[in-house]
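Any value given below was found using the heavy atoms of this structure, including those in side chains, with hydrogens, waters and symmetry copies removed. Along the sequence shown, the residues carry numbers beginning at 1.
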Amino acid sequence: MGTPGQDETFSDIREGIRRLCTRFPGAYWQRLDAEREYPTEFVTALAKEGWLSVLIPEEYGGSGLGLSAATAVLEEVHRSGCNGGAAHAQMYTMGTLLRHGSEEQKARYLPRIASGELRLQAFGVTEPTSGTDTTRISTFARRDGDDYVVNGQKIWISRAEHSDLMVLLVRTTPRDECAKPTDGISVLLVDMRDAVGNGLTIQPIRTMLNHATTELFFDDLRVPAENLIGEEGKGFRYILSGMNAERILIASECIGDARFFIDRASAYAKDRSVFGRPIGQNQGVQFPIARAYVQTTAAAAIVDKAAALFDAGVTHGTEANMAKMLASEASWYAADMCVQTHGGFGFAEEYDIERKFRETRLYQVAPISTNLILSHVATHVLGLPKSF
């Protein structure tokens, strides 16, 4: 799988991931896709070998590495034909707990998350009526003695059925009573093992890809007040850095997808002969493959820059957004190119291309749409008037 010029930083990490992924070939993912099953064995293997805890400090049982190392993990997962969407939240969601949780909360949860004993895979933000306008969430947590009582609804919450814990964003003060729209929002750490059936209902949503997506309904769910992360009403700020980490990590998955498609298309174009010559000899075939490589290389450079800025603790929001946009567009171009290169074989399940084609399309929509990224750049970088 050696595309010339590939950035081989973190070579030990990349090699370790490649070895692990050989145990989970295309047939494994094809079966799960057909049956809409969660890749429990794959996630367990990632956790057991410590790949999901690379961002957790050593004092809590993790590797204490930076986001750049985590991007190498997820890029190689996707380049190998596997899918990190089943597990990537374990990397960035715990950041809210790590940066803003109490010492007692961190000591209670982080070592068990690092060991794989607990899964923190669910991030409850989006709602049916608010979409990406997070300040308009209406799921409300009312303080009642030693508990918060939660009522409301969330949608497009991935892995809720396969997570022990969930970081949940709620309103604790109505929006119209706050000085700023971002005020009055709080973060609760919900123990899913206690919540399901006791005020929390999880309803799976079947989609075009196997992403374990659900809708959540809260009906007087009681969450201990000690599970409040940070201060009440300041939760919006707490999740921002986690959202940027999410965008950078998903961008690295897109780079991995793009390189998967380029690898597959290049190999097929060399081997497949039509009219007595390899199809890759035809410029109509080889030029799109080359263009995909150029776009992916450029996008990967922005992903690397965004991760480096994140690790350095300097402002990185714009770079995180641009990385996610460019990487998702590069992977989608590469996906389309790869299907076209394979012709009819690109639609056959056994080649894994149609599965990865469906999977990589998600990332121009989630976790933030391309239009919102363009709006961010227009208003925050170029000083253009806000359109909403």
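The backbone N or O of Leu169 lies less than 3.5 Å from a partner atom in the side chain of Lys154, making a donor-acceptor pair. A donor-acceptor contact shorter than 3.5 Å is absent between the side chain of Glu59 and the backbone of Gly64. Of the possible donor and acceptor atoms, none in the side chain of Ser163 sits under 3.5 Å from a partner among the backbone N and O of Ala160. No donor-acceptor pair closer than 3.5 Å links the side chain of Arg259 to the backbone N or O of Thr296. Put simply, the side chain of Trp29 gets close to the backbone of Phe24: a donor and an acceptor are under 3.5 Å apart. In this structure a side-chain-to-backbone donor-acceptor pair under 3.5 Å is present from Thr214 to Ile157. With hydrogens and angles disregarded, a donor-acceptor distance shorter than 3.5 Å links the side chain of Arg14 to the backbone of Thr9. Side-chain atoms of Lys324 come within 3.5 Å of backbone atoms of Ile368 as a donor-acceptor pair (strictly under, hydrogens ignored). When atom types are taken as modelled, the side chain of Gln286 and the backbone of Gly280 share a donor-acceptor pair closer than 3.5 angstrom. In this structure, the side chain of Gln90 does not engage the main chain of Ala87 through any donor-acceptor pair within 3.5 Å.
Taking CG of Leu67 as the reference point, atom NE2 of His316 lies at 8.5 Å (rounded to 0.5 Å). With values rounded to the nearest 0.5 angstrom, Glu76 atom CD is found 10.5 Å from Ser11 atom OG. The line from CD1 of Ile17 to CG of Asp12 is 12.0 Å long, rounded to the nearest 0.5 Å. Between the CD1 atom in Ile56 and the CG atom in Leu65 there is a gap of 11.5 Å [rounded to 0.5 Å]. Leu362 contributes atom CG, which lies 7.5 Å from atom OG of Ser158 (distance to the nearest 0.5 angstrom). With values rounded to the nearest 0.5 angstrom, Met322 atom CE is found 11.0 Å from Leu374 atom CG.
Side chains of Ser331 and Asp257: no donor on one and acceptor on the other come within 3.5 Å. Under 3.5 Å, the side chains of Gln153 and Glu215 contain a donor-acceptor pair of N or O atoms. A donor and an acceptor atom, one from each side chain of Ser369 and Gln364, are nowhere located under 3.5 Å apart. Neither side chain, His162 nor Gln121, offers a donor N or O lying under 3.5 Å from an acceptor on the other. Side-chain contact annotation: Glu246 with Tyr92, donor-acceptor N/O pair under 3.5 Å present. For the residue pair Ser252 and Thr71, no side-chain donor N or O sits within less than 3.5 Å of a side-chain acceptor on the partner. A side-chain N or O of Arg277 and one of Asn282 form a donor-acceptor pair less than 3.5 Å apart. For the residue pair Asp352 / Gln30, a side-chain donor-acceptor distance below 3.5 Å is found, with atom types taken as modelled.
In the hydrophobic clustering of this structure, Ile229 does not group with Met192; members are Ile, Leu, Val, Met, Phe, Trp, Tyr whose side-chain heavy atoms approach within less than 4.5 Å, directly or through other members. When hydrophobic clusters are built by joining Ile, Leu, Val, Met, Phe, Trp and Tyr residues whose side-chain heavy atoms come closer than 4.5 Å, directly or via intermediates, Met243 is not grouped with Ile250. Val125 and Met166 fall into different hydrophobic clusters, defined by Ile, Leu, Val, Met, Phe, Trp and Tyr side-chain heavy atoms under 4.5 Å apart, directly or through other members. Residues Val170 and Trp156 fall into different hydrophobic clusters, defined by Ile, Leu, Val, Met, Phe, Trp and Tyr side chains chained together at heavy-atom separations under 4.5 Å. One hydrophobic cluster, built from ILVMFWY side chains closer than 4.5 Å, cannot hold both Ile302 and Phe310; they sit in different ones.
In this structure, Trp51 and Ile13 have side chains that are in contact, with non-hydrogen atoms separated by less than 4.5 Å. Between Glu41 and Tyr28, the closest side-chain pair of non-hydrogen atoms falls below 4.5 Å. Under the 4.5 Å side-chain criterion, counting only non-hydrogen atoms from C-beta, Leu74 is in contact with Met91. By the 4.5 Å heavy-atom criterion applied to side chains, Ser138 and Glu127 are counted as neighbours. With a 4.5 Å cut-off on side-chain heavy atoms, Leu165 and Ile113 count as touching. Between Leu55 and Met94, the closest side-chain pair of non-hydrogen atoms falls below 4.5 Å. Looking only at side-chain heavy atoms (C-beta outward), Pro278 and Arg272 stay at 4.5 Å or farther from each other. Counting only heavy atoms from C-beta outward, the side chains of Arg355 and Arg358 approach each other to under 4.5 Å.
Taking every heavy atom of both residues into account, Ala335 and Thr360 meet most closely at CB-CG2, 3.8 Å. The two residues Thr173 and Cys178 make their nearest non-hydrogen contact at CG2-SG, 3.7 Å. The heavy-atom pair separating Ile155 from Pro128 by the smallest distance is CG2-N, 3.7 Å. Looking at every heavy atom in both residues, Arg119 comes nearest to Thr40 through NH2-CG2, 3.8 Å. Closest non-hydrogen pair, Ile262 versus Ala334, comes out as CG1-CB, 4.4 Å. The minimum heavy-atom distance linking Ser63 with Glu58 is given by the pair O-CG, 3.6 Å.
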Does the pair Thr172 and Arg143 meet the rule for a side chain to side chain donor-acceptor pair (under 3.5 Å), with working shown? CA-CA 8 Å; Thr172 43; Arg143 184 66 182 262; over 6 Å; no

Assess the residue pair Glu253 and Val77 against the criterion (side chain to side chain contact (heavy atoms under 4.5 Å, CB included)); give the C-alpha distance rounded to whole Å, side-chain angles, the decisive distance to 0.1 Å, and a yes or no. CA-CA 8 Å; Glu253 292 182 344; Val77 164; over 6 Å; no

I'd like to know whether Tyr60 forms a side chain to side chain contact (heavy atoms under 4.5 Å, CB included) with Leu98, so could you lay out the CA-CA distance, the side-chain angles of the two residues, the decisive distance to 0.1 Å, and finally the verdict. CA-CA 10 Å; Tyr60 298 112; Leu98 175 64; 4.3 Å; yes

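Sorted by first then second residue, the side chain to side chain donor-acceptor pair (under 3.5 Å) pairs that include residues 370-388, not counting sequence neighbours, are Thr318-His376. The list of ring pair (Phe, Tyr, Trp, His ring centres under 6.0 Å) pairs with a residue in residues 243-269, not counting sequence neighbours, reads Tyr268-His342. Screening residues 193-209 for salt bridge (Lys or Arg N to Asp or Glu O under 4.0 Å) gives Asp191-Arg193 as the qualifying pairs, with residues at least two apart or on separate chains. Pairs of residues two or more places apart, or lying in two chains, never qualify as salt bridge (Lys or Arg N to Asp or Glu O under 4.0 Å) while including a residue from residues 155-180.
For CZ of Arg31, the number of neighbouring non-hydrogen atoms (other residues, nucleotides, ligands) closer than 6.0 Å is greater than 12. Residue Gln340 qualifies as open at atom CD: its count of foreign heavy atoms under 6.0 Å is 12 or below.
For Tyr238, the ring-ring contact (aromatic ring centres under 6.0 Å, His included) partners at least two apart in sequence or on another chain are His100.
The six-membered or imidazole ring of Trp332 lies away from that of Tyr363, with a centre-to-centre distance of 6.0 Å or more.
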Donor-acceptor pairs under 3.5 Å, side chain of residues 216-227 to any protein atom, not counting sequence neighbours: which ones?
| residue | atom | partner | partner atom | Å |
| --- | --- | --- | --- | --- |
| Asp220 | OD1 | Asn151 | ND2 | 2.9 |
| Arg222 | NE | Asp147 | OD2 | 3.0 |
| Arg222 | NH1 | Asp144 | OD2 | 3.3 |
| Arg222 | NH2 | Asp144 | OD2 | 2.7 |
| Asn227 | ND2 | Leu189 | O | 2.7 |

